[in-house]
Enquirer: 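Shown below is the structure under consideration.
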2 protein chains.
Amino acid sequence: MENAEDTAPRRLRALPSRLINLVATSANRLVDRALATTGSRRYDYALLAALEEFGPASQAALGRRTGIDRSDVVATVNELSARGLVERSPDPADRRRNVITVTAAGIRHLALLDRLLSDAQDTLLASLTTAEREQFVGLLMRVADHLAASPPALRPDHRTAPQR
Amino acid sequence: MENAEDTAPRRLRALPSRLINLVATSANRLVDRALATTGSRRYDYALLAALEEFGPASQAALGRRTGIDRSDVVATVNELSARGLVERSPDPADRRRNVITVTAAGIRHLALLDRLLSDAQDTLLASLTTAEREQFVGLLMRVADHLAASPPALRPDHRTAPQR
DNA sequence: CAACCAACATTGGTTCGGCCAACAATATGG
DNA sequence: CCATATTGTTGGCCGAACCAATGTTGGTTG
């Protein structure tokens, strides 16, 4: 029973927001370490996945689809294009836009990341049966969808008091 | 149906690690905003809760119980004691230690934070029935416990390659 | 008791994700 | 034509979560 000190307070032990954070922290560590073996990060995967599924898109569109801030999309596209995984070219139809396109190497890299990520998910959920994993994912989706949809009170840009 | 661009790629939509992150992000926003109304943050709550439940303790012990890094405990205790919510005094029995004690004001503050947090949990899980919430928390605990216990591969200090 | 090693508090970093504000260039709708 | 939006970009901020190094003190143990 080693040290009794590693028991968290009861208040914390079952607090949903805390449990979610614990799991999220582990999940991120797991995922980050897996992706890091290829020199990629989570944003890279998100953009590559979006590009492969929906085809070439502007940076703004990518941001909308992945929930990544425009400014962060810039940095990620910089990095991806430096590695030859995507290409950035001006949109002739709208000269404000850049059209981002996945390269063949990008597709291959995405496949690799997919494998790594899939393993990470298994490690993460190792303690659940297949049925439980489905349950878990289902509940997560319910919560996530609801949060994304209804309450404007917790959207990123929501200002509560000093409106300025 | 406004803009079709806000649909995330299928790969991402059901990826457990991503769902968990989405929910965690919302949860944190919710909790942070609630606590911010009192000028407190998550670490404050964790330390106060640990102190109230287990009584006076050294900073190292607090860190172990809450999972907060020693260096971050220092900063949090600084802030809490500046607000008069805890007291830091040298341990006469072991002069390496500081004994941290909650003050009466600290207990009162904790009660306030408890209320705020409880509301935040309700908002977070608003889309689930009571039974589902229990299921959800149960699954989260299973996953969290398992991650905390078995795999040394994802503990904070785990070095993978350059052992040095 | 002298040497060592372990534990503690503290300082001072680092990294990453997730934001926001401001800007210039371009589109677009009235 | 003018006002307003959208886009890419730069530059910043903050909190969480770490890690390393330092000085002190405690506890062994040879």
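Letters A, B, ... mirror the listed sequences (proteins, then strands); counts begin at 1.
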Enquirer: For A/Asn78 and D/dG11, give me the distance from atom CG to atom C1', rounded to whole Å.
Expert: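 After rounding, the reported distance stands at 14 Å.
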
Enquirer: So, is B/Tyr43 near the phosphate of D/dG15, with a side-chain N or O under 4.0 Å from OP1 or OP2?
Expert: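 So the side chain of B/Tyr43 is outside the cut-off, no N or O lying under 4.0 Å from OP1 or OP2 of D/dG15.
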
Enquirer: Return the value, rounded to whole Å, for the distance between atom CD of B/Gln59 and atom C1' of D/dT24.
Expert: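 Taking atom C1' of D/dT24 as the reference, CD of B/Gln59 is at 14 Å.
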
Enquirer: Under 4.0 angstrom, heavy atoms only, what part of the nucleic acid is A/Asp69 near: base, sugar-phosphate, or nothing?
Expert: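 Answer is base: heavy atoms of A/Asp69 come under 4.0 Å of a base.
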
Enquirer: Quiz question: going by heavy-atom distance under 3.5 Å, is there a donor-acceptor pair between the base of D/dT6 and the side chain of A/Arg96?
Expert: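 Checked by distance alone, the answer is yes.
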
Enquirer: When all nucleic acid strands are considered with a 4.0 Å heavy-atom cut-off, which category describes A/Arg70: base, sugar-phosphate, or nothing?
Expert: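 Base contact.
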
Enquirer: Remember a base hit wins even if backbone is also touched, and classify B/Arg95 as base, sugar-phosphate or nothing at under 4.0 Å, heavy atoms.
Expert: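 Since only primed, P, OP1 and OP2 atoms lie under 4.0 Å of B/Arg95, the category is sugar-phosphate.
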
Enquirer: Closer than 4.0 angstrom, basic N to acidic O: yes or no for A/Asp145 and B/Arg13?
Expert: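 B/Arg13 and A/Asp145: not salt-bridged.
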
Enquirer: Both B/Arg97 and A/Ala93 contact DNA chain C. Which one's nearest nucleotide lies toward the 5' end?
Expert: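 Between the two, 5'-proximity favours B/Arg97.
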
Enquirer: Before accepting this row, confirm whether a basic side-chain N of the pair B/Arg11/A/Asp114 lies closer than 4.0 Å to the acidic partner's carboxylate O.
Expert: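 Yes, this pair counts.
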
Enquirer: Checking all strands, does A/Asp72 fall into the base, sugar-phosphate, or nothing category for heavy-atom contacts under 4.0 angstrom?
Expert: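 Contact class for A/Asp72: base.
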
Enquirer: Charged N to carboxylate O under 4.0 angstrom, A/Arg142 versus B/Glu132?
Expert: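 A salt bridge is present here (some side-chain N lies under 4.0 Å from a carboxylate O).
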
Enquirer: 5'-most contact on DNA chain D: A/Ser58 or A/Asn21, nearest heavy atom basis?
Expert: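 In this pair, the answer is A/Ser58.
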
Enquirer: Rounded to the nearest angstrom, tell me the gap between atom CG in A/Asn98 and atom P in C/dA24.
Expert: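 So the two atoms are 19 Å apart, to the nearest Å.
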
Enquirer: Between A/Arg42 and A/Asp32, does at least one N-O distance fall below 4.0 Å, as a salt bridge requires?
Expert: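 Yes.
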
Enquirer: Expressed in angstrom and rounded to an integer, what is the separation of B/Leu47 atom CG from D/dA16 atom P?
Expert: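 Whole-Å distance recorded here is 12 Å.
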
Enquirer: Taking atom C1' of D/dG15 as reference, at what distance in whole Å does atom CG of B/Leu35 sit?
Expert: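 Atom-to-atom, B/Leu35 to D/dG15, this comes out as 13 Å.
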
Enquirer: Tell me which nucleotide among C/dT11, C/dA21, C/dC8 gets nearest to the side chain of B/Ser71.
Expert: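 The answer is C/dT11, which lies nearest to the side chain.
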
Enquirer: Can you tell me which nucleotide in D/dA20, D/dA17, C/dC16 comes closest to the side chain of A/Arg29?
Expert: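 In terms of side-chain proximity for A/Arg29, the closest of D/dA20, D/dA17, C/dC16 is D/dA17.
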
Enquirer: How many whole angstroms separate atom CZ of B/Arg41 from atom P of D/dC14?
Expert: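 Interatomic distance, CZ of B/Arg41 to P of D/dC14: 11 Å.
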
Enquirer: Looking at B/Asp94 and B/Arg97, is there a salt bridge between them, counting it only when a charged N and a carboxylate O are closer than 4.0 Å?
Expert: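 Result for this pair is yes, salt bridge flagged.
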
Enquirer: When you match A/Asp94 and A/Arg42 each to their closest nucleotide on DNA chain C, which lands nearer the 5' end?
Expert: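 Its nearest nucleotide being more 5', the pick is A/Arg42.
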
Enquirer: Nearest to the side chain of B/Val74, which nucleotide is it out of D/dA17, C/dT10, D/dG8?
Expert: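 For the B/Val74 side chain, the nearest candidate turns out to be C/dT10.
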
Enquirer: Can you check the A/Arg18 CZ to D/dA17 C1' distance for me, whole Å?
Expert: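 Answer to the nearest Å: 13 Å.
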
Enquirer: Whole Å only: how far is the CG atom of B/Asp32 from the P atom of C/dC19?
Expert: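 Distance check: B/Asp32 CG to C/dC19 P gives 11 Å.
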
Enquirer: Think B/Asn28 has a side-chain N or O under 4.0 angstrom from the OP1 or OP2 of C/dG18?
Expert: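 Indeed not, no polar side-chain atom of B/Asn28 lies that close.
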
Enquirer: Would you say that B/Gln135 contacts A/Gln135 through its side chain, given a criterion of any heavy-atom pair below 4.5 Å between the two side chains?
Expert: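 B/Gln135 reaches A/Gln135 side chain to side chain.
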
